[in-house]
Chemist: 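A single structure is presented below for examination.
Below, read A as the first sequence line, B as the second, and so on, with proteins coming before strands; counting in each chain starts at 1. Reckoned from all heavy atoms, side chains included, excluding hydrogens, waters and symmetry mates.
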Number of protein chains: 2
Amino acid sequence: MIERYLLRYFLAVVEHGNFTRAAESCNVTQPTLSVGIARLEESVGQRLFHRSNRRVDLTPTGAQFAEHARRIEAQFNLAEVAMKQRQPEAIIRLGVLATLPTSMVADIAKALGGIDGIRTEFVEGRASELQDRLDAARIDLAITTEPQGRLRDSFEPVASEGYGLALPASHPLAERTSIAAHELADNVMLVRRHCELLTATSQHFTARGVRPFFAARSRSDDRILALVAAGVGVTVMPDCFVVPGVARVPMEDFTHVRTLGVLMREADAVPEAVVARVRGVLAERIGGAWGDGG
Amino acid sequence: MIERYLLRYFLAVVEHGNFTRAAESCNVTQPTLSVGIARLEESVGQRLFHRSNRRVDLTPTGAQFAEHARRIEAQFNLAEVAMKQRQPEAIIRLGVLATLPTSMVADIAKALGGIDGIRTEFVEGRASELQDRLDAARIDLAITTEPQGRLRDSFEPVASEGYGLALPASHPLAERTSIAAHELADNVMLVRRHCELLTATSQHFTARGVRPFFAARSRSDDRILALVAAGVGVTVMPDCFVVPGVARVPMEDFTHVRTLGVLMREADAVPEAVVARVRGVLAERIGGAWGDGG
DNA sequence: TTCGATCATAGACAGCGTCTAGGATAAACC
DNA sequence: GGTTTATCCTAGACGCTGTCTATGATCGAA
């Protein structure tokens, strides 16, 4: 197999007409270049040079090969400069909380898609998992809730929201402004398995003597919402989940709030344009916005 | 520096969309290919693939590089087949006796120049030197006199000739049909230092009481002939030396003869066409031809 | 949770590209 | 004729680096 370094040796000899000087120009010794040419001639199956102790000149075959070699070497250089000219494509690995609505993630993706030379990679998980990934430098930016512990100072809150019931638009309680736990005693419940407040919600109902029937458990919010819209049951979820066919009503005495924001290892780990757009989508989609966005 | 094997690895991954199978197709292990791609990406200064454990796909940079890589690979293959198609150029290393006229060597060169795909290399020397080179496989064919010793059977005689005086065309004896040694007593002699018969010639004159003055000694027959034509002196040389301005006359009682022919290690070491043309020139240029040539 | 598929990493090995040393050849010079 | 100089080749040792085996990490699917 003809390797590139042999081509470089060959062209050096063609240029200098002399093994010794060619070797110098390649920064190798003359014997090295000598065996290199021999190797090339063997793999080509042809003699490329007529050697004498006075001068070295190309055979007709060698002359033909020189054209090929020059062309190939030129192509290599072309490829190298072409690659150098490209500015490296930045890849932003974005961790998003699994309990963010699919449509919101889609909005973020759309917002970031418009930035030139930046490619986004999405990873989803729970808040603690996102923190671990951030620590391990496996993501660059997380859209998550306020962290516990060491990364606390790096968190930049953007918007906060409460939790409420999601129930079919045709449900008798759908038009209410508030619903108490005991009113749901006969309702079928759907469990969002990855919900941050799974235990808190459970405790809320048991503390009020309500033991609803659990018809389905899923890690997919989209599936749960589809079931709600289909009239299968009701569930508890953050306020930002708003889809057609599903009514959202606050629950009495259920005052849990989550604050969403961005979390980074260092302030400038991610281009500001990216962070700004993420902030924008969050503020737009979630009621209680923070900071300058109003 | 981008080496060719890295290009092959890269293209294999592009083709298979998968490091593991690409590695198989390259007959290396997956880690080998992995570090290869990493190395390539480093020397290119750009990420070429987006990797996940599900699939591998090209970055925009990678896609551009793939075009270059394919072009280069194609060029390599082109060069390789171009070289394969060429039939190897045969080099015939021809040893010629130094005491052959320059014009005869030129005639041989011309005769062999017409044979396609064959290149001739001339080496000159004395008969014994040519034999040594033939033994050492440093020449393929020798045009020489009948050898002594082991190579005797390999010799194929072609033509034989005598020796005679070479003297200026304007010399008083130029028109004679034969000249005796004593007639040259007042003449200036020129010595052809590499002549096979140097000692024999010397003895011929001293035996007849003639001690000529030696005006010049040279290894170059051409120079000696020029001096003869210029009227500087006379010399003894094989009959085949015939040039304008120099008369050739036989010497009385000087019956030495040399038989010229071709000498090879093996019968088919050299293409018959080459041997035939050499024979042709020899027979044409020298009087007493041998064999079928008449 | 476990399993299978995938790519990355680490350390050992060995192949081969490279080096130093020395040989051969031939032209040029004294 | 012998010596010097310039050139390329060969032989053997060395060491870089390309390759391997073994293992880890990740992710999706059963």
Side-chain angles (χ1 to χ4, degrees), chain A residues 1-10 12-13 16-24 26-43 47-57 93 95 98 121-125 129-130 132-133 135-139 219-220, chain B residues 1-10 12-13 16-24 26-43 47-57 93 95 98 121-126 129 132-133 136-139 193-194 217 219-220:
Chain A
M1 193 70 71
I2 304 174
E3 290 297 334
R4 188 186 179 189
Y5 77 93
L6 295 177
L7 251 47
R8 288 199 300 272
Y9 289 178
F10 173 76
V13 175
H16 293 96
N18 174 315
F19 278 45
T20 307
R21 275 187 289 281
E24 282 170 22
C26 292
N27 292 315
V28 295
T29 58
Q30 172 270 316
T32 296
L33 191 131
S34 223
V35 305
I37 296 296
R39 203 187 324 262
L40 180 62
E41 287 180 327
E42 190 187 9
S43 61
R47 207 86 173 141
L48 297 172
F49 293 108
H50 289 299
R51 294 117 155 118
S52 81
N53 58 348
R54 274 294 121 190
R55 73 165 176 282
V56 168
D57 51 3
R93 294 162 301 175
E121 225 173 78
F122 288 90
V123 173
E124 65 176 26
E129 290 172 349
L130 295 182
D132 290 344
R133 283 172 184 272
D135 279 335
R138 300 194 48 230
I139 59 176
R219 279 205 171 82
S220 164
Chain B
M1 195 70 72
I2 304 175
E3 289 297 333
R4 187 187 180 188
Y5 75 93
L6 294 177
L7 252 47
R8 288 198 301 272
Y9 290 177
F10 172 77
V13 174
H16 293 95
N18 174 312
F19 278 45
T20 308
R21 277 188 289 282
E24 283 170 22
C26 293
N27 293 317
V28 295
T29 59
Q30 170 268 315
T32 296
L33 190 131
S34 224
V35 305
I37 296 296
R39 204 188 322 266
L40 181 61
E41 287 180 327
E42 190 188 9
S43 62
R47 207 84 172 143
L48 298 173
F49 292 108
H50 289 298
R51 295 118 154 119
S52 81
N53 59 346
R54 274 295 119 187
R55 73 165 178 283
V56 168
D57 51 5
R93 293 162 302 175
E121 224 172 80
F122 287 90
V123 173
E124 65 175 27
R126 284 172 301 182
E129 289 170 349
D132 289 344
R133 283 172 184 273
R138 302 194 46 232
I139 60 176
R193 291 183 58 189
H194 59 190
R217 308 159 64 86
R219 281 207 170 79
S220 164

Chemist: Take the C1' atoms of the five end pairs on each side of the helix from C:dT1-D:dA30 to C:dC30-D:dG1, derive the two axes, and give their angle rounded to 10 degrees.
Modeler: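 The end axes of the helix from C:dT1-D:dA30 to C:dC30-D:dG1 are about 10° apart, to the nearest 10°.
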
Chemist: For the pair A:R8 and B:E3, find out whether any cationic side-chain nitrogen is under 4.0 Å from an anionic carboxylate oxygen.
Modeler: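 Answer for the salt bridge query: yes.
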
Chemist: Give a yes or no on whether the backbone of A:L6 and the side-chain of A:R39 come within a donor-acceptor separation of less than 3.5 Å.
Modeler: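 No, the answer is negative, given that no donor and acceptor are paired below the 3.5 Å cut-off.
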
Chemist: At their closest point, which heavy atom of B:T29 faces which heavy atom of B:T32, and how far apart are they?
Modeler: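 For B:T29 versus B:T32, the nearest heavy atoms are OG1-OG1, 3.0 Å.
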
Chemist: Taking only N and O in the side chain of A:N18, is any of them less than 4.0 Å away from OP1 or OP2 of D:dC8?
Modeler: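 So the side chain of A:N18 is within the cut-off, an N or O lying under 4.0 Å from OP1 or OP2 of D:dC8.
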
Chemist: Is B:R21 near enough to C:dT6 that one of its side-chain N or O atoms lies under 4.0 angstrom from OP1 or OP2?
Modeler: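 Indeed, a polar side-chain atom of B:R21 lies that close.
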
Chemist: Please give, in whole Å, the distance from D:dT26 C1' to A:E129 CD?
Modeler: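 To the nearest whole Å, that distance equals 13 Å.
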
Chemist: Starting from P on D:dG18, measure out to CG on B:N27 and report it in whole angstrom.
Modeler: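 Rounded to the whole Å, the gap is 18 Å.
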
Chemist: How far apart are the C-alpha atoms of A:R4 and B:I2, what are their side-chain angles, what is the distance that settles it, and do they pass the side chain to side chain contact (heavy atoms under 4.5 Å, CB included) test?
Modeler: CA-CA 8 Å; A:R4 188 186 179 189; B:I2 304 175; 4.0 Å; yes

Chemist: Whole angstroms only, please: what is the CD-C1' distance between A:Q30 and C:dG22?
Modeler: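 So the two atoms are 12 Å apart, to the nearest Å.
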
Chemist: Could you state the CZ-P distance from A:R47 to D:dC8, rounded to the nearest angstrom?
Modeler: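 It is 13 Å, rounded to the nearest whole Å.
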
Chemist: Nearest whole Å is fine: how far is D:dA6 P from A:H16 NE2?
Modeler: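 That distance rounds to 18 Å.
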
Chemist: Minimum heavy-atom separation for A:Y9 and A:G36, please, with both atom names.
Modeler: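 Distance-wise, the nearest heavy atoms are CD1-CA, 4.1 Å.
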
Chemist: Show the nearest heavy-atom pair for residues A:A22 and A:H16, with the distance to one decimal.
Modeler: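 Distance-wise, the nearest heavy atoms are CA-ND1, 3.8 Å.
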
Chemist: Could you label the plane-to-plane angle of the A:F49 and A:F10 rings as parallel, tilted or perpendicular, counting under 30° as parallel and over 60° as perpendicular?
Modeler: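 If you compare the ring of A:F49 with that of A:F10, the planes turn out tilted.
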
Chemist: Base, sugar-phosphate alone, or nothing: which one does A:T20 contact when heavy atoms must sit under 4.0 Å apart?
Modeler: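 A:T20: backbone/sugar contact only, no base atoms under 4.0 Å.
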
Chemist: Using a cut-off of strictly less than 4.0 Å, decide whether B:T29 has a side-chain nitrogen or oxygen near OP1 or OP2 of D:dT19.
Modeler: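 Looking at the OP1 and OP2 atoms of D:dT19, neither is under 4.0 Å from any side-chain N or O of B:T29.
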
Chemist: Which parts of nucleotides 12-17 of chain C does protein reach within less than 4.0 Å, heavy atoms only, written one letter per nucleotide 5' to 3' as B for base, S for sugar-phosphate only and - for none?
Modeler: -----S

Chemist: Rounded to the nearest Å, what distance is computed from the CG atom of residue B:L33 to the P atom of nucleotide D:dT17?
Modeler: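 So the CG-P distance, B:L33 to D:dT17, works out to 20 Å.
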
Chemist: OP1, OP2 of D:dC8 versus side-chain N and O of A:S34: anything below 4.0 Å?
Modeler: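 No.
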
Chemist: Both A:G36 and B:F19 contact DNA chain C. Taking the nearest nucleotide for each, which residue is further toward the 5' end?
Modeler: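 Upstream on the strand: B:F19.
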
Chemist: Would you kindly give the CZ-to-C1' distance between B:R8 and D:dT19, to the nearest whole Å?
Modeler: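 Going from B:R8 (CZ) to D:dT19 (C1'), I get 14 Å.
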
Chemist: Whether A:R133 contacts D:dC27 is assessed here as follows: a side-chain N or O lying under 4.0 Å from the phosphate OP1 or OP2. Is that the case?
Modeler: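 For D:dC27, OP1/OP2 do have a side-chain N/O of A:R133 under 4.0 Å.
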
Chemist: For B:V123 and for B:P31, locate the closest nucleotide of DNA chain C by heavy-atom distance; then report the residue assigned to the nucleotide nearer the 5' terminus.
Modeler: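 Looking at the nearest nucleotide for each, B:P31 comes out on the 5' side.
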
Chemist: Calculate, to the nearest 0.5 Å, the distance between atoms CG and CD belonging to A:L33 and A:E24 respectively.
Modeler: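 A:L33 CG to A:E24 CD: 11.0 Å, rounded to 0.5 Å.
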
Chemist: What are the two closest heavy atoms between B:R51 and B:A38, and how far apart are they?
Modeler: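 For B:R51 and B:A38, the tightest heavy-atom pair comes out as NH2-N, 4.4 Å.
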
Chemist: Sub-3.5 Å donor-acceptor pair from the side chain of A:E41 to the main-chain atoms of A:L48, do we have one?
Modeler: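 Flag set: sc A:E41 to bb A:L48 pair under 3.5 Å.
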
Chemist: In whole angstroms, how far is the P atom of D:dT26 from the CZ atom of A:F122?
Modeler: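 Whole-Å distance recorded here is 21 Å.
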
